[in-house]
J.: 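Mind having a look at this structure? Questions to follow.
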Amino acid sequence: MTENVWTRWPSREALGRNGVTGSRLLLTWSIRLLVLGMLLWSAFSRSDVGPWDALAGAAGVLLAGLVSWGFFRTTYAHRLVPSLALMGVLLGIAVAAQATGFRGPALVIWCGCGVSSLERLPLAAALPVASVALTSYSAFNNDVWLTTAAAVAGMALAGYVMRLDAEARGNAQRLLVQERAARAAEAESAALAERARIAREIHDVLAHSLSAQMVHLEAARLLLERGADRQQVLERVVAARGMARDGLSETRQALSALRGDLSPLEDFLTEVVGRTDGAEVTVTGECRPLPVEASQAVRRVAQEAMTNVRKHAPGAEVRVRLDYSDHEVTLRVRDSGGRPGELAGSGGGYGLLGMRERAELLGGSLDAGPDEEGFTVTLKVPV
C-alpha cells in the first residue's frame, strides 16, 4: 500500500549524513557557524544593551542552537511529538528575543524554523509550523511588503527544494545499499554454485574410480573363493591398485579442468577407450573446444559407460561415436552385448543416474538401455 505523502517522514537516509560529500558538509557547517557568530555578534554589539542583557541574548542564542540540535536528532528518529515540542521552544525563543529587543536573532530563528520544518517534518506538520514561523517573520520584518513576500516565498521554496534534494540523496543511498546486497548475494550464490560444481566433479571422478576398483577387487575375491592360483589374484589386485592411481590422476585432472586447463576431448576419449580391447572411437563434425561443463559431462559419461561394459559385457565390441553439430554435441557408446560378467551384480547402479542428472543440469539428456545388439548410452549436451 502506498504511504500517504502528507504523513510520510523523509527517510533516515535523507535526514542523515550518508552520501553527503565532504565539501558539502564543510559548507553546511561553515554556514551554521557563520549564522551563530552573527547572532552572537548582534547580541553583544548593540549600544543600548547592557552587559546582562547581552549575556542573556548570548545564552538565548546558545539555547536555540542546543534545541536545534535536539530537533535534528528527533526528526532523524521520526519522533513527531518531541520534534514539534522542540520546534515550539524555538518559536518561543524567537518571540522572547523579539520582545526583549533582539530583533535580528528573532527573525533568523523564525526563518530557520520555517525552512527546517519543510525540510525535515512530514508535510502535514511542516506546513502549519512553517506558516506560523514565516508569518511571524513577515509581521515583524520592517522591509516593504513586496520584499518580505519574496523573501517568505523564497524561504518556503528553499525548504521544499532541500527536502526534495535530501530525498533524492536518500533514494540513491537505498539503491546503493540494495545494489551492494545484491552483489554480495550474487557472489555468495556464485561461490555456492562453484562449490557444488567442484563437489559434483570430484564425486563423479571418485565414483567412477571406486567402481572400477571394486570390479577388480570383487574379481579377486571370486578367484580366491574358487582357489585360483596366486598369479591370477595378484593381477586383479595390481589392476585395482592401478585404478586407484588412475583415480588420483583423474581427480587432479578434474581440478585442473575446473581451472580451465583441459586436454582435447578427442585425445581423452582415445585414451579411455584404448584401455578396453575391441573398442574404437569415431569423431564426426567439426571439432571445437567445448564449455568446461559440457566437456566434463562427455568425459564422465564415457568413463562410466566403459566401466559398465567391463562389468556387464566383458569382451564385447564397443563403438564410441562423438558427433559435433551446430548446437549440441552427442556421445554414443554402444556395445555388441554378450553374456553378463561375473561382476554384473556389483555396484549400486547409481553411475548413469548421476550422469543423467549432470546432463539435465546442462539442459541436455542421457538415454541408456538395450538396443538390437547390446546396450547403448547416448548423451546429448547443448553447446
Side-chain angles (χ1 to χ4, degrees), residues 1-21 24-25 27-29 31-32 35-36 60 63-98 105-141 148-182 185:
M1 183 175 63
T2 304
E3 191 176 2
N4 192 325
V5 66
W6 295 101
T7 58
R8 185 182 69 232
W9 283 88
S11 64
R12 285 186 171 85
E13 293 83 2
L15 298 177
R17 297 178 182 176
N18 291 334
V20 180
T21 61
R24 182 172 180 174
L25 191 62
L27 178 61
T28 300
W29 276 104
I31 293 175
R32 291 174 181 174
V35 172
L36 180 62
L63 177 61
L66 182 61
V67 173
S68 299
W69 177 84
F71 173 76
F72 278 81
R73 299 300 301 173
T74 55
T75 52
Y76 180 78
H78 291 177
R79 300 173 62 190
L80 182 60
V81 173
S83 299
L84 292 177
L86 290 172
M87 185 58 67
V89 173
L90 284 173
L91 293 174
I93 293 174
V95 171
Q98 178 67 31
L107 295 177
V108 172
I109 292 174
W110 278 322
C111 292
C113 288
V115 173
S116 297
S117 61
L118 288 172
E119 180 188 5
R120 303 182 69 87
L121 288 174
L123 289 178
L127 290 178
V129 172
S131 298
V132 171
L134 296 179
T135 300
S136 300
Y137 168 83
S138 302
F140 293 98
N141 188 23
T148 301
V152 168
M155 285 184 287
L157 182 61
Y160 190 67
V161 169
M162 291 171 66
R163 180 192 189 94
L164 295 179
D165 178 68
E167 283 286 16
R169 188 181 70 251
N171 291 334
Q173 287 298 309
R174 285 196 297 273
L175 290 176
L176 180 61
V177 170
Q178 292 173 4
E179 182 180 359
R180 288 174 177 172

J.: Would you compute the distance between atom CG of Leu63 and atom CD1 of Ile93 and round it to the nearest 0.5 angstrom?
T.: 4.0 Å
J.: Is there a donor-acceptor contact under 3.5 Å from the side chain of Arg79 to the main chain of Thr74?
T.: no
J.: How many angstroms lie between atom CD1 of Ile109 and atom CG of Leu90, to the nearest 0.5 angstrom?
T.: 7.0 Å
J.: Among residues two or more places apart or on two chains, list those pairs meeting side-chain hydrogen bond (donor to acceptor under 3.5 Å, both in side chains) that have a residue in residues 151-161.
T.: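 For residues 151-161: none.
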J.: Residues in side chain to side chain donor-acceptor pair (under 3.5 Å) with Ser136, at least two apart?
T.: none
J.: Quick check: do Arg163 and Leu123 have side-chain heavy atoms less than 4.5 Å from each other?
T.: yes
J.: Do you know which two heavy atoms are closest between Cys111 and Met155, and how far apart they sit?
T.: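 That would be SG-SD, 3.1 Å.
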J.: Say you draw a straight line from CZ of Arg180 to CG of Leu175; how long is it, rounded to the nearest 0.5 Å?
T.: 12.0 Å
J.: Which atom pair, heavy atoms only, marks the closest approach of Pro10 to Arg120?
T.: CD-O, 3.6 Å
J.: Out of curiosity, Ser116 OG to Met162 CE, how far, rounded to the nearest 0.5 Å?
T.: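 Output value for this atom pair is 7.0 Å.
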J.: Do you know which two heavy atoms are closest between Phe140 and Trp110, and how far apart they sit?
T.: CD1-CH2, 3.4 Å
J.: For Phe71 and Leu66, run side-chain contact (heavy atoms from CB on, under 4.5 Å): C-alpha distance rounded to whole Å, both residues' side-chain angles, the deciding distance at 0.1 Å, then the answer.
T.: CA-CA 9 Å; Phe71 173 76; Leu66 182 61; over 6 Å; no
J.: Could you pull out every donor-acceptor pair under 3.5 Å between side chains of residues 128-135 and any protein atom, sequence neighbours left out?
T.:
{"residue": "Ser131", "atom": "OG", "partner": "Leu127", "partner atom": "O", "Å": "2.7"}
{"residue": "Thr135", "atom": "OG1", "partner": "Ser131", "partner atom": "O", "Å": "2.5"}

J.: Please test Tyr137 against Thr148 for side-chain contact (heavy atoms from CB on, under 4.5 Å), starting from the C-alpha separation and ending with a verdict.
T.: CA-CA 9 Å; Tyr137 168 83; Thr148 301; 4.3 Å; yes
J.: Output the distance between atom CG (Leu80) and atom OG1 (Thr75), rounded to the nearest 0.5 Å.
T.: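 The CG atom of Leu80 sits 10.5 Å away from the OG1 atom of Thr75.
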J.: Heavy atoms only: give me the nearest Ala106-Ala97 pair and the separation to one decimal.
T.: CB-CB, 4.0 Å
J.: To the nearest 0.5 Å, what is the distance between CZ on Arg169 and CD on Glu167?
T.: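 Interatomic distance, Arg169 CZ to Glu167 CD, rounded to 0.5 Å: 9.5 Å.
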